[in-house]
There are 2 protein chains.
Amino acid sequence: MSTEDSSEATELWLLWKRAHETVRSAVVADMTAASGLSEAELSVLVCLYESGGVLRQNAIAADLGWDRTRLSHQLTRMEKRDYVTRDKVANGVEVALRPEGRRTIEAAGPSLDASTRRHLLDRLGPDDAAALKAIVERLLSSDSSR
Amino acid sequence: MSTEDSSEATELWLLWKRAHETVRSAVVADMTAASGLSEAELSVLVCLYESGGVLRQNAIAADLGWDRTRLSHQLTRMEKRDYVTRDKVANGVEVALRPEGRRTIEAAGPSLDASTRRHLLDRLGPDDAAALKAIVERLLSSDSSR
DNA sequence: AGTCCTCTGTTGACATATCAACACCGCCCT
DNA sequence: AGGGCGGTGTTGATATGTCAACAGAGGACT
């Protein structure tokens, strides 16, 4: 860095982005090696799995902070891979985890834990980890667009 | 959220990703409206601009945490839009900001400041902002892959 | 009934990201 | 010289994300 022209807000945003990108690429590389899942597939599968295996499409989008279009395309791809099914239901679409998807996400879980611990949790001390968690939770709860 | 199966590390990572995605989509929407720049173009232009307008391709990739391929494709697109030029130089390629790129990033700066302040800085208190900054800086400085 | 909303999801065109393979250059080594 | 080797960048195929336009269901209003 040299001229340092950004405002405080922009500077924080750029730093945050860079840190996020760094951790993300490391974790994604691990996950691709361990399970063959892409980041997007993993996000959707985790979301479904943690909610018991069935969710409205809309709920997934809200949960991940994705837009409708992106999720729609992603689910189309995941249907082809037998990870999920879609069923029309009153005023929406219900997405359900299929056995292949469940098997895959269950197999990927431990790798994900190890990877996130190595690239994120262990690099922060316990104090920073707790602080970061509190901060992102506050950020999410103050989000007007959800 | 319901069953809560993730480890502490995975849970923190998912929360962080979601918060990042939320802020990102809001900022990107603002920037697209204000300047027509995509997130990727903005990142590269900011990086170049803050370094005085000329950087080795490799340095940009390191600075942004991107991989070579991604940056190469991105620069190809940005050359077509007259934002930057590429020149072969001893052991690498030098990327330079062109007038069109400089003009665009200078015009976008204030919008970016306003947007990041609104969607990030103002949602954190001053304390949280300082804490987040310290955390990401520590994360970045402990990164072994750079 | 009809019309007008809003919410939800889809589609196709296009922008962007990723992966594997390749090309080039400078350096070290013998 | 000749032969590896690591660092740097490119290319094309493919996967993924974004945008604008559309489709359909249901609710509110007259």
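Protein chains get the first letters and strands the later ones, always in sequence-line order, with residue 1 at the start of each.
In this structure, A:R24 atom CZ and D:dT16 atom C1' are separated by 11 Å, rounded to whole Å. In this structure, the CG atom of B:L37 is 17 Å from the C1' atom of D:dC19, given to the nearest Å. Rounded to an integer number of Å, the gap from CG of A:D67 to P of D:dA20 is 11 Å. In this structure, the CE atom of A:M78 is 15 Å from the P atom of D:dA15, given to the nearest Å. One interatomic measurement links the two molecules: CZ of A:R77 to P of D:dT18, which rounds to 11 Å at whole-angstrom precision. Note: NZ (B:K88) to C1' (D:dG9) measures 8 Å, nearest angstrom. A:L71 places its CG atom 8 Å from the P atom of C:dG9, with the value rounded to the nearest Å. B:L42 places its CG atom 18 Å from the P atom of C:dA15, with the value rounded to the nearest Å.
Between B:E79 and B:R86 there is a salt bridge, since at least one side-chain N of the basic residue sits less than 4.0 Å from a carboxylate O of the acidic one. At a threshold of 4.0 Å, the pair A:K133-B:E11 counts as salt-bridged, since one of the basic side-chain nitrogens sits closer than that to a carboxylate oxygen. A salt bridge links A:E100 to A:R103: at least one charged side-chain nitrogen sits closer than 4.0 Å to a carboxylate oxygen.
Map A:A90 and A:E41 each onto its nearest nucleotide of DNA chain D; the residue landing nearer the 5' end is A:E41. The nearest heavy atom of DNA chain C to B:N91 and to A:T76 marks one nucleotide each, and the one closer to the 5' end goes with A:T76. Nearest-nucleotide assignment on DNA chain C puts the 5′-proximal partner with A:T69, out of A:T69 and A:E21.
Side-chain N/O atoms of A:S72 include none lying less than 4.0 angstrom from OP1 or OP2 on C:dG9. The side chain of B:Q74 contributes no N or O atom lying less than 4.0 Å from OP1 or OP2 of C:dA15. Side-chain nitrogen and oxygen atoms of A:R68 include none within less than 4.0 Å of the OP1 or OP2 phosphate oxygen of C:dC7. Using a 4.0 Å cut-off, no side-chain N or O of B:R70 falls inside it from OP1 or OP2 of C:dA15. Checking the phosphate oxygens (OP1, OP2) of D:dT8, a side-chain nitrogen or oxygen of B:N58 falls inside 4.0 Å.
Between A:W16 and B:H20, the ring-plane angle classifies as perpendicular under the 30° and 60° cut-offs.
Side chain B:H73 to base D:dG12: a donor-acceptor pair is found below 3.5 Å.
Residue contacts for B:R56: at a heavy-atom cut-off of 4.0 Å it reaches the sugar-phosphate backbone alone, with no base atom in range. If you check every strand for non-hydrogen atoms under 4.0 Å, A:S38 touches sugar and phosphate atoms only. A:E39 comes within contact range of no nucleotide atom at all, as no heavy-atom separation falls under 4.0 Å.
Side chain of B:T116 to main chain of B:L112: a donor-acceptor pair is present (N/O by atom type, distance under 3.5 Å, no hydrogens or angles).
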